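Predicted model, so just to flag it, every value in this text is computed and none were measured. Here is how names work: the chains are called A, B, and so on, in the same order as the sequence lines, proteins then strands, and each is numbered from 1.
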Amino acid sequence: VTTSLLLALAVAGASPTQSSAPALAGVQPVPASESPSAVPAQSEAPALAAPQLPAPLEAPTETATPDGHSGWRHELDLGAHTTRFSSKEGSDYAFHSATLGYGVSYGLTGPFLRIAAIVPLQATQDGATYATANYYRHREGGDLLVGVQHRFTVRSTEVEVGPGLHGTFIYLPGRAGYRDFTALPLGLGVGASVRWKTSKERLSRVVTWGTTAGIAYDFRDPAHENDITHGFTFRLAIAIGLGARR
Amino acid sequence: MTRPVRIGAVAVAGALAVVAGLGACGPYAQLAQKLDVTAQIAGDTWIAAAGPGRSATRILLVARPDADGNAPFAFSELPSGAKVDTTTIQGTWTEVGSAGDVTLHVAHSYVLPGDNSGARRDDSSRTIRITATRVGSQLVLTGDPALAGTYVGLAEALRKLGAPAQVSAACAFLIPNLAVMTADIRIIGFGGNSMYQYQRPATFVGTIAGSVRVGVDISLTGNNAHTTIGFSGFQDFGGVTLDGTQVTDTSLAANGHMSGVLRFALTPAAPDPTGVSTPIQGSIDYGSAQPGNAIQINNGYPTGGSYLMSVDGGVSNVLVPVDIVNTPSSAVADCLALP
């Protein structure tokens, strides 16, 4: 009987108007901050406990979804980046880089953005391999993947995956006597992150760690007369970040 | 054909494009590509007229062969008219036997496209087979349409210009301008947005002697680019020497004007083996002395103004309209009386 009553009142409590107007006279509202611990006590007081159930509705929005996947996720990551592409003039290029990135996403299903600074360390063209430091004064670049993601749980691990627009920029200003190299392959990609909660907390958020990855198919380069026939970019990194609010 | 006019404008546009990530830098560059790979050589320079109406000029420089018959060479194809492709190849000329069988081992192929995508160099090797026949003072090449022609020694041909007082202003411009053109072909990125790279100036050697130095100053906030191409004792082929500086100032929309003065010396062959030839010297002013007549640039191309020509002991301050480089013609062949 108690369980049935609780369920009935819980449904009734889903209405804000009902929750703000006590159904049973004489029942004192329980502060939201006390609501989790108050539930067992409610079950021990069958007739009076039910009005306390609306309390979860007043909890932070980020924990309102069934799996706790709502809200912001912020991550810093460190990893590796490879982009390969072929030119219409018949050359095949590959650049292997170290990356330092930042990722942010929002909501159970919502937007995400992953941006990374890349440092091309090694490059190849048509089978010839070059240590970029030997030929270029600076080694700079960036990688961007922006799109829509969806979060779900796999064995207590939060997984986030979604498609997006991709771009990589490489700028290698040559040493004295050498020609600059630039590339701007653009395409479509998929980004994914897997994150685990830790017991630590910062800024009222759970600290997470995990991995983030992106793969893209590139087919445009407006900065080079679209001299690209096709290309692929892959990025894999270890990430640390802030998850849902406690 | 007046690449100096194009350079600044294109460089400016290139700078903006690279920074904004919107423009066309031309095809991908080669990785770890040296800007200048020219090895200076000494040898004989040959010139021929080619193409429809003799509107193109071919210049062949062949060094003296070693014991195995191998000699470095450079060959340039220079069509007249606006927005044309100009090319140069460099490599080794190997002549075997007395029948004139020649194998050209091409090591570097340059192209300066007429579409503002920028000069580029392909370092892949290839082979061209031709037949070289010497007929009197002429060199007749057959076997490959891209090189075929009846060539004469450039020093001999320069004698056709006559004494300094007889040299027309048009010829005084066109012949030195051939060396300007061959220089531009080898400046990687010239005529395209990759000129942005010469914010760090670079030097290219002349195939025979001297050098040319390229530098670009770009101000995005000031909406301008200042390009200088300085020639110093520059000889890309025998008989023509350049000194001085071309200057181009444009907006980021590749509109602007030129200035600067190039001094030239044309050295014809001596009238006899013991004689000493007298160079024809003069200057090309791109707009310094008469800014009102400066070469005007529109969208990276020379579209207005005049070259102010002077020849020591000859014409003085004669304006040659820019149309002389925008219209296909046999003017070079006519100046040198090429066959």
Whatever's closer than 4.5 Å to a heavy atom in chain B on A:E89 counts as side chain
Please verify the inter-ring angle class for B:Y28 with A:F181; under 30° counts as parallel, over 60° as perpendicular, anything in between as tilted.
parallel
When rounded to the nearest 0.5 Å, the distance separating CG of A:D180 from CE of B:M195 is 12.0 Å
Quiz item: Is a salt bridge present between A:R179 and B:D36, judged by a nitrogen-to-oxygen distance below 4.0 Å?
Solution: no
Here the pair of heavy atoms bringing B:R200 nearest to A:G174 is NH2-O, 3.3 Å
So, the part of A:T124 with a heavy atom under 4.5 Å from chain B: the answer is backbone
May I ask you to decide if A:Y178's main-chain N or O and B:Q197's side chain share a donor-acceptor pair within less than 3.5 Å?
-> yes
Interatomic distance, OG@B:S194 vs NE2@A:H224, rounded to 0.5 Å, equals 6.5 Å
Honestly, the part of B:L31 sitting under 4.5 Å from a heavy atom of chain A is both
Does atom CZ (A:R175) have a neighbourhood of more than 12 heavy atoms from anything else shown, all under 6.0 Å? yes
Turns out that what part of B:A32 lies under 4.5 Å from chain A's heavy atoms comes down to both
Greatest number of non-hydrogen atom pairs under 4.5 angstrom with chain B, of A:I228, A:L172, A:D126, falls to A:I228
